[in-house]
2 protein chains.
Amino acid sequence: MTSPKSPATLLDVAERAGVSLKTASRAVNGEPHVAEATRQRVAQAALDLGFQLNSMASLLKRGIRSSFIGLVTGDLANPFYSSLAKGVERELRSEGLQLVVSSTDENGERERLLVDEMVARQVRALIVVTTQESNESLARAQDRGIPVVFVDRPAAGLTADSVVLDNRAGARLATEHLLAAGHRRIGFIGDFSRLPTHLQRLDGYLDALAGAAEQADTARGAGAQDPRELVREDLHDAAGARGAALELLALPDPPTALFTSNNRVTIGALTAFRELPSAPALVGFDDFDLADVLGVTVVSHDPVEMGARAARLALETLENRQPSGEGVILPVRLVERGSGEAAPGVDWRQGPRATATAS
Amino acid sequence: MTSPKSPATLLDVAERAGVSLKTASRAVNGEPHVAEATRQRVAQAALDLGFQLNSMASLLKRGIRSSFIGLVTGDLANPFYSSLAKGVERELRSEGLQLVVSSTDENGERERLLVDEMVARQVRALIVVTTQESNESLARAQDRGIPVVFVDRPAAGLTADSVVLDNRAGARLATEHLLAAGHRRIGFIGDFSRLPTHLQRLDGYLDALAGAAEQADTARGAGAQDPRELVREDLHDAAGARGAALELLALPDPPTALFTSNNRVTIGALTAFRELPSAPALVGFDDFDLADVLGVTVVSHDPVEMGARAARLALETLENRQPSGEGVILPVRLVERGSGEAAPGVDWRQGPRATATAS
DNA sequence: ATGAAAGCGCTAACAG
DNA sequence: CTGTTAGCGCTTTCAT
């Protein structure tokens, strides 16, 4: 139905409109100093020919690399990353920039490849959730004058902007919350042990535990247990986390509460609970759809805002050339929904599911 | 730390290596007929200068538009769309293409803008979840020789490939399932009434209801009730769906079961149930995280595969120039988890949550 | 195996 | 207000 012939160029339009190339250019780009009549004629010719500016040539000529910003994340299908992407996109859109996305699947080699490819495609800036495995290609990107902004995980081995969460404080908050409910044996299920987010969250957990142990020591002088006993790491998907939860809860002296260190792990643990006669208390890092329906207490934050912040940093760097290198730390907060308030031995799933009574 | 000066060009590399521009080009691109020693020298020079090919110029010269594929969806943060994006990306990656994403927020004007922008940026192909509000810009894209593939919603007013779900069959399946459990008053909560997915799901629901009414008529000769009575439409977010669910269930003669026509609507209904002393039976369209934990019966399908299929169609069209226009219809299936099997008056949330017993 | 010249489609300087 | 002349960074003939 449609002619698949080579697209019309600006020269074709100019000829058809009976004007010079430059005049056509001016008209098409809405520049001033073009007579209204001329503008009309050019517009008509463009329409007739189905003309569309070749931005490739246009940008090349103007010395502009492109209108694309690259986002490199772990896995687009993870709601955390897709929310991040949404935040980035929202911020970009107002500047007329476009978002190129890609997933590393947490593979360092893949990250290198993707970054190199994006650099070759002339992205203006790069926003990346790095695997932390290699940073050479990111360093190269920086050398080429492409601003690199790290999100969720800090810059490793190079000076660049970053936007991360207050992971340690969040984990401490969560653990202290469980301690306050009377729990003394609190399990920890975490993602890849290499990730800084993981390490910080583990530190927060250990901080809280140490604080509690200190108090107990002062009071009773008892020796503290090994806090690592209930820690399980390198669980990157829900299935693995489910297994770890089941394993922990099958221990001779099982934990009465769990701190799950991200959304996937939390979901895995909840899946495990379904197979159990009673569920331990739980606090998860990252909020998620239905957490309120399930009554799950979480450490909450705003991934969309995080993406937007990162995008803004990238845009500013694009203008000023100031890779401040400061590092933004976004706050987190505890959202109590019941699963973390349960006392040891109490199954929070048994609690009242209805909040509405007669009115 | 880094020099933000203008990037090195191939000419710089050539000079530094003491070869001609063309030789440098050949070496950099790994073309044959270059002496190994020369290749080495060029590689070293490129490394020294931090050189990276300007694909903009390269592609321009070769008459190639770009290596980008555009994906236009409703909202990236919706897991359905982000899974779709993941599928598209996976398929593209093997071809060395990149994915540019954007969200319309279901706004027709915005869709037009985004599509035009992508066309201006020379995307090679366009995969779009159209708002169905306007298709002029998509038609224009097609005219420019850019393959357009419709996903989730069929092509409107133009001949193009499409990948959609068997919405009608899925909805019929869901409704029949509820009918089989003894439900006679089944509510329907749907998205924007303008969307073909909505209309087809509504049709499937009405099909099932009509089938049941016919049987009843034959048996008892009773007059059928107005099937539209329990239908609520244009609920596009969870909050709205929650309201609709509450409203339906507060009716004098409320439904004993609900069919929720997509993931957001389902989540809204589940949120509503939390505020109620007892929950009606429920079947939702679209599977979602934690549906198994919550025991929610759904009409399931594979959004990642859907994205991959669409991407493959786009790639094929890029090669053969065959916009078959056939239209792929992906199957759906019912996944029973309890919420749809409950008889009228029975709260499925009360059912046994544990599937594991003594072993 | 290497190089010189031409030009992809467009826009920035300058004219007029 | 309009046109002419260069040339962005690269790849392609067509030589050598």
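Letters go in sequence order (proteins before strands), and every chain restarts at 1.
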Run the side-chain donor-acceptor check on residues 17-27 of chain A: report pairs under 3.5 Å with partners two or more places apart or on a different chain.
unit_1, atom_1, unit_2, atom_2, d
A/S20, OG, A/K22, N, 3.4
A/S20, OG, A/T23, N, 3.2
A/S20, OG, A/T23, OG1, 3.2
A/S25, OG, A/N29, ND2, 3.4

Whether B/T38 contacts C/dT2 is assessed here as follows: a side-chain N or O lying under 4.0 Å from the phosphate OP1 or OP2. Is that the case? yes

Please tabulate the protein-to-nucleotide N/O contacts below 3.5 Å involving nucleotides 3-6 of chain D, giving atom names and distances.
unit_1, atom_1, unit_2, atom_2, d
D/dG3, OP2, A/S20, N, 3.0
D/dG3, OP2, A/S20, OG, 3.3
D/dG3, OP2, A/T23, OG1, 2.7
D/dG3, N7, A/R26, NH2, 2.9
D/dG3, O6, A/R26, NH2, 3.3

Considering only distance and modelled atom types, tabulate donor-acceptor pairs under 3.5 Å from the side chains of residues 47-59 of chain B, sequence neighbours left out.
unit_1, atom_1, unit_2, atom_2, d
B/D48, OD1, B/Q44, NE2, 2.7
B/D48, OD2, B/R16, NH1, 2.5
B/N54, OD1, B/M56, N, 2.8
B/N54, OD1, B/A57, N, 3.3
B/S55, OG, A/A120, O, 2.9

Rounded to the nearest angstrom, tell me the gap between atom CZ in A/R62 and atom C1' in C/dA12. 11 Å

Give a yes-or-no answer on whether the side chains of B/T130 and B/E111 include a donor-acceptor pair shorter than 3.5 Å. yes

Please determine, by modelled atom types, if B/S103 and A/E89 share a side-chain donor-acceptor pair under 3.5 angstrom. yes

Rounded (10°) bend between the five-pair end axes of the helix from C/dA1-D/dT16 to C/dG16-D/dC1: 30°

Let me have the donor-acceptor pairs involving side chains of residues 71-79 of chain B, under 3.5 Å, with sequence neighbours excluded, atom names and distances please.
unit_1, atom_1, unit_2, atom_2, d
B/D75, OD1, A/K86, NZ, 2.7
B/D75, OD1, B/A77, N, 3.0
B/D75, OD2, A/K86, NZ, 3.3
B/N78, OD1, B/F80, N, 2.9
B/N78, OD1, B/N263, ND2, 3.1

Does a donor on one side chain and an acceptor on the other come within less than 3.5 Å for A/R121 and B/S67? yes

OP1 or OP2 of C/dT11 less than 4.0 angstrom from a side-chain nitrogen or oxygen of A/S58, does that happen here? yes

Which ones in residues 43-52 of chain B lie close to DNA chain C, meaning a heavy atom under 4.0 Å from one of its atoms? none

For B/L60 and A/E31, find the nucleotide of DNA chain C closest to each by heavy atoms; which residue's nucleotide sits nearer the 5' end? B/L60

Hey, are B/S102 and A/Q98 close enough side-chain-wise for a donor-acceptor pair under 3.5 Å? no

